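Worksheet: one structure, shown below.
What you are looking at is a predicted structure, and each value in this text was computed from that prediction instead of being measured. Values below: all heavy atoms of this structure, side chains included; hydrogens, waters and symmetry mates excluded.
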Protein chains: 2
Amino acid sequence: MAPAVLHLNTQQLEYLVAVADASTWAEAAASLGVTQSALSQGLSQLERRIGVPLFDRTGRRRVLHPGAGPVLRYARRVLGETHDLARWARAVGAGEAGQLRVGMIDLAAVGPFGPIVQRFRRERPNVELHLAVAPSAVLGEQVLAGELSLAVIVEPSPNRGDLDLLPLWRDDLGLYAPEGQPAGPPATWGPWVTFPATSHTRRLIGRRLAEAGAGFEVVAESHQPEVLRSMVALGLGWTVLPVAQAEAAPNPLRRAQPEPLMSRQLVVARRFGAAPDAAADTLVGHLLERAAELRGPTPEGRHPVLP
Amino acid sequence: MAPAVLHLNTQQLEYLVAVADASTWAEAAASLGVTQSALSQGLSQLERRIGVPLFDRTGRRRVLHPGAGPVLRYARRVLGETHDLARWARAVGAGEAGQLRVGMIDLAAVGPFGPIVQRFRRERPNVELHLAVAPSAVLGEQVLAGELSLAVIVEPSPNRGDLDLLPLWRDDLGLYAPEGQPAGPPATWGPWVTFPATSHTRRLIGRRLAEAGAGFEVVAESHQPEVLRSMVALGLGWTVLPVAQAEAAPNPLRRAQPEPLMSRQLVVARRFGAAPDAAADTLVGHLLERAAELRGPTPEGRHPVLP
DNA sequence: CATATTGTTCAGTTTATCTGAACTCTCAAC
DNA sequence: GTTGAGAGTTCAGATAAACTGAACAATATG
């Protein structure tokens, strides 16, 4: 007769608690915004489902049976937890709770966008924020796989169409040669130390060098800008790096030519058709604001070097 | 949009947990004995109600979103409690749990039926058993009010019709006179010390004395047999008492005539239309067994004095 | 005794939930 | 490629649950 598991619903539990708390059923029904009839039928149903008499029937009137204590306690517990869940759901809807997994390429994470993440973490302590730093290609895959809600990456050369890309920041890359090798005509540049073949930036650099008429013989690779910088300093080869990374505090490289060789577009990537995520929306908003702030005070067309 | 309170039901929570535990939704659906379709629709419904994305949609496939952790934990908690409730309900159905409030008149509680109650308490520790000792009239009212599940009382003279009475035991009452006053013709008996006017037994005694042609001038009253006994011993008046109580160990009275004057019927009283109560049924069964046991070895028509 | 209050019961309607079938995607095999 | 199996969704229709409104029964209250 009874199914293997009890199939109850929260509103019948509400009926029970309301009846226990109110002095009359009519009052309880009113407080719930239903008719007496619904209350009466709902409680009969609940009693039938649990299979334990919950009420004493004196004549036509039903009063809560004291032996129903465990059921009432159960109802209160479940309703309490349900209430908590609803509160949590509201907070998630407002972007004030939940989980947020964010990816950033190294430059973004340690550059001016890192503090944005820290601020977000501070301002929304109930959002469980996780930051992953990795190359653009890796992060792009993770966004697609749903492992990340969003990532700040280098714009993929052929946009695969299933990522929603939002321009964030245009980033200058300079040309760096070993000490004492002057930048002659492009044909004389190289050999190169640069990012691994999977890297978006490497692809961009390759394309730019071809355009300029330079060769692109790669003699050493690393994902880490610091490693590339040391290699150049040691005279292993030339490189093209974001100026912010090449010319950072300890042992900065000196540009082989004053003008940036090229630039790359950093974007915020999200998956098309991803579930709405208020927390992610908020963080993206902050990132865009920060980018506008950085861009703002400088004349049109020029980009300040990232601090 | 969302109602003030979340209206969830346990089966959708089961769907969620099943999906979290199974490797495919088809498997989860099979384990629950429903179609994939039902599972899919049920989970969509659940997601809509909670208002928080629970799944990552990659193409058409949905996988549980890690941010749904709190919902999953909620579901597991609620299902756990529901499971406990179901177990409790089964136990109550078998009379092995729940609450049982029993009333007994003093003679029954301290007589041979008291140990039955104790045994029941020992054998079913999960049944919360409460024993109330009071006069029949009081207990009858409490049974009617649903405060007691059953009571062992003196059969009410006019049965009010709303009590279900089960004969348990016929109890002899003797005639007791102050020391030195022989039992002459009934017209010479008295004056009397006896139970208060509300007492069933007093009414029975009154009727019997009238039948015998004796007066019934009452000079003192008490619900306590010991008090009545002392009064008789002190010479205040005559009384009619259950022989078990009048002739109990310390300071027993001596009967004014060897034959019992009358008898009264003890019954198990329950309310008509009371909720089925397996624990009460069991206890009544034990009481009847005990009564049969006491009656059994004696010849027909005679009743042993209660020990 | 009339009358308001309270709760139940009964039709009828609305809403949920299920099944079964058609359909979309993905993945892997040929 | 293309073909087919597996997984999941969507849709229409059936079934069951829950609600409303009205009629009714039982209790208080004047």
Side-chain angles (χ1 to χ4, degrees), chain A residues 1-16 18-20 22-50 53-65 144-146 160-162 271-273 275, chain B residues 1-3 5-16 18-20 22-50 53-65 144-146 161-162 271-273 275:
Chain A
M1 161 204 139
V5 279
L6 268 181
H7 283 174
L8 305 180
N9 58 42
T10 52
Q11 56 202 342
Q12 290 180 347
L13 299 183
E14 278 188 307
Y15 289 179
L16 184 65
V19 157
S23 53
T24 94
W25 288 39
E27 185 187 322
S31 80
L32 293 168
V34 298
T35 54
Q36 284 187 341
S37 181
L39 190 76
S40 175
Q41 295 176 77
L43 285 172
S44 297
Q45 184 69 266
L46 179 67
E47 194 176 26
R48 218 166 317 130
R49 290 197 180 147
I50 296 183
L54 300 180
F55 305 97
D56 261 333
R57 286 169 175 68
T58 58
R60 197 156 273 265
R61 197 145 297 182
R62 294 191 283 192
V63 293
L64 204 62
H65 194 288
L144 278 177
R160 306 187 25 191
D162 36 14
R271 202 176 71 245
F272 264 126
Chain B
M1 159 204 141
V5 280
L6 271 180
H7 282 175
L8 306 180
N9 57 43
T10 52
Q11 58 201 341
Q12 290 181 347
L13 299 183
E14 278 189 307
Y15 289 179
L16 184 65
V19 157
S23 52
T24 94
W25 287 38
E27 183 187 323
S31 80
L32 292 168
V34 298
T35 55
Q36 282 188 340
S37 179
L39 190 76
S40 175
Q41 296 176 78
L43 286 172
S44 297
Q45 185 69 268
L46 178 67
E47 193 176 26
R48 219 167 315 130
R49 289 194 181 151
I50 296 183
L54 300 180
F55 305 97
D56 262 333
R57 285 168 175 68
T58 58
R60 196 154 273 265
R61 196 146 300 182
R62 293 191 283 191
V63 293
L64 205 62
H65 194 287
L144 277 177
D162 36 14
R271 204 175 69 245
F272 263 127

- Query: Can you name the one residue among B:Leu46, B:Leu8, B:Ile50 that meets side-chain contact (heavy atoms from CB on, under 4.5 Å) with B:Leu16?
  - Reply: B:Leu46
Between [N] ([atom2]) and [X] ([atom1]): distance, integer Å:
X	N	atom1	atom2	answer
B:Leu39	D:dT9	CG	P	8 Å
A:Phe55	C:dT8	CZ	P	9 Å
A:His7	D:dA18	NE2	P	12 Å
B:Glu14	C:dC18	CD	C1'	15 Å
A:Leu43	D:dC19	CG	C1'	14 Å
A:Leu8	C:dA16	CG	P	19 Å
A:Arg48	C:dT8	CZ	P	12 Å

Tell me which nucleotide among [options] gets nearest to the side chain of [X].
X	options	result
A:Gln36	C:dT8, D:dA18, D:dC19	C:dT8
B:Trp25	D:dT20, C:dT17, D:dG8	D:dG8
B:Gln41	C:dG7, D:dA18, C:dT19	C:dT19
A:Ser40	D:dG8, C:dT17, C:dT9	C:dT9

- Between A:Gln11 and B:Ser37, name the one whose nearest nucleotide on DNA chain D is closer to the 5' end. B:Ser37
Any base atoms under 4.0 Å from [X], or only sugar-phosphate, or nothing? Heavy atoms, all strands.
X	answer
B:Glu27	nothing
B:Ala26	sugar-phosphate
A:Tyr15	sugar-phosphate
A:Thr35	base

- Task: Assert yes or no for the condition that the ring centre distance of B:Phe55 to B:Trp25 is strictly below 6.0 Å.
- Result: yes
Does [X] make a side-chain N or O approach to OP1 or OP2 of [N] shorter than 4.0 Å?
X	N	result
A:Asn9	D:dA17	no
B:Arg49	C:dA16	no
B:Gln12	C:dA16	no

- Message: Walk me through whether B:Leu54 and B:His65 qualify under side-chain contact (heavy atoms from CB on, under 4.5 Å).
- Response: CA-CA 5 Å; B:Leu54 300 180; B:His65 194 287; 5.6 Å; no
- Task: Please report the shortest heavy-atom distance between A:Ala26 and A:Gln36, naming the atom on each side.
- Result: CB-NE2, 2.9 Å
- Message: Is it the case that the side chain of A:Thr35 and the backbone of A:Ala29 share a donor-acceptor pair, with hydrogens and angles ignored and the cut-off at 3.5 Å?
- Response: no
